Novice: 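Would you mind keeping the following structure in view while I ask a few things?
Just so it is clear, the model here is predicted, and its values are computed rather than measured. Position 1 is the first residue of the sequence; numbering continues from there.
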Amino acid sequence: MDLWTHISDAIFNATGEKIQAERGAVGGGCINQAMRVQGEKRDFFVKLNSAQHGDMFDAEAMGLQELAASKTLRVPLAICWGVTGRDAYLVLEYLSFGRSGSGVELGRQLAAMHRVTQDNFGWRRGNTIGSTPQDNTPDKDWIRFWRERRLGYQLALAARNGHGGELQRQGEQLMARFDALFDGYRPQPSLLHGDLWSGNYGYMADGSPVVFDPAVYFGDREADLAMTELFGGFGADFYAAYAEAWPLDAGYRVRKTLYNLYHVLNHLNLFGGGYHGQSASMIKRLLAELG
């Protein structure tokens, strides 16, 4: 059975709807191939990758289900997913986006999502940040979780990728000292999108917000807010609405650099280039804050 026959059968088994032969490529990011497939009554969004990425798609589908269960921000419905032959696939509902929407609603709904909590930091399974494995083994200690499963992992991966020297020496200093950034602050395990940059949200035609491509886990809500500032694309109305719904601690001003360092190191490990200098600069800034 070829790939598209398999996907067609999987969609029919999940929805009772047959797909048409026509399909067209759409933007799917820098990791996956993405297609828009016409169904009898609606369209579907299909992500494709090699079979070795089947677990990545399984984790993404489960993450979307976790976010949907919060009944806060809208996410695309995960229809079906799996592996056939050399290929992995994930089928989502196809959403048509408008040109603009309500940053106020996005801020309010994100704050509501962050109020969904559990006992431990982490999640019930590992997933990926981009294509990099993300260890979500549960832990009650947030500082230990961030040191071992986030920052430490990326620094060790950077060393294996040839980014050693001063980056590693100063990174080790930061790892040993960043506890001080949490003096008087104890975050709760909030439901996080995990990869909340401007390319992973949009607005429906009625202006209502949608988020997608998550890297879900439970962690400090500041980590989600920090990433919204990393590459821009979120307006002042979004931040004002979030702060009105749930004000941020004063220490966020410094901790956001710690949280974004994880993502910049991940970009270094995925893409190399100028992210080495940016990572080193962020580490130096944090060490200067620590005195």
Novice: Among Asn266, Asn269, Val264, find the one that has a side chain to side chain contact (heavy atoms under 4.5 Å, CB included) with Ser279.
Specialist: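 Only one of Asn266, Asn269, Val264 forms a side chain to side chain contact (heavy atoms under 4.5 Å, CB included) with Ser279, namely Val264.
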
Novice: Could Arg74 and Glu93 be called an ion pair, given the rule that one side-chain N must be under 4.0 Å from one carboxylate O?
Specialist: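 Salt bridge present between Arg74 and Glu93.
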
Novice: Show your working on salt bridge (Lys or Arg N to Asp or Glu O under 4.0 Å) between Glu166 and Lys284 and close with a plain yes or no.
Specialist: CA-CA 10 Å; Glu166 190 68 11; Lys284 290 178 181 177; 6.0 Å; no

Novice: Would you say Arg149 and Tyr217 are linked by a side-chain donor-acceptor pair, where the criterion is simply a distance under 3.5 Å?
Specialist: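 The answer is no; no qualifying pair exists.
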
Novice: If the plane angle is over 60° it's perpendicular, under 30° parallel, otherwise tilted; pick one for Phe121 and Trp142.
Specialist: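 Rings of Phe121 and Trp142: tilted, 30 to 60°.
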
Novice: Check whether the side chains of Trp123 and Glu66 place a donor and an acceptor atom closer than 3.5 Å, and report yes or no.
Specialist: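 A pair is found: one side chain offers a donor N or O, the other an acceptor, under 3.5 Å apart.
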
Novice: What about the rings of His193 and Tyr201, do their centers lie closer together than 6.0 Å?
Specialist: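 Centroid separation for His193 and Tyr201: 6.0 Å or greater.
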
Novice: Check step by step if side-chain hydrogen bond (donor to acceptor under 3.5 Å, both in side chains) holds for His53 and Ser50.
Specialist: CA-CA 6 Å; His53 291 96; Ser50 59; 3.0 Å; yes

Novice: Give, for atom NE2 of His6 and atom CD1 of Ile11, the distance between the pair rounded to the nearest 0.5 Å.
Specialist: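 Going from the NE2 atom of His6 to the CD1 atom of Ile11 covers 10.5 Å.
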
Novice: For the residue pair Asn136 and Arg150, confirm or rule out a side-chain donor-acceptor distance under 3.5 Å.
Specialist: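 Short answer, yes.
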
Novice: Quick one: are the ring centres of Tyr275 and His163 less than 6.0 Å apart?
Specialist: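 No, the ring of Tyr275 stays outside the 6.0 Å limit from the ring of His163, centre to centre.
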
Novice: State the CG-OH distance between Leu106 and Tyr203, to the nearest 0.5 angstrom.
Specialist: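 One gets 4.5 Å once the value is rounded to the nearest 0.5 Å.
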
Novice: Classify the side-chain pair Tyr262/Gln134 by whether it contains a donor and acceptor separated by less than 3.5 Å.
Specialist: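 Tyr262 vs Gln134: donor-acceptor pair found between side chains.
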
Novice: Applying salt bridge (charged side-chain N to carboxylate O under 4.0 Å, His left out) as the test, list every pair that has at least one member in residues 173-198; sequence neighbours left out.
Specialist: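 Output for this query lists Arg147-Asp179.
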
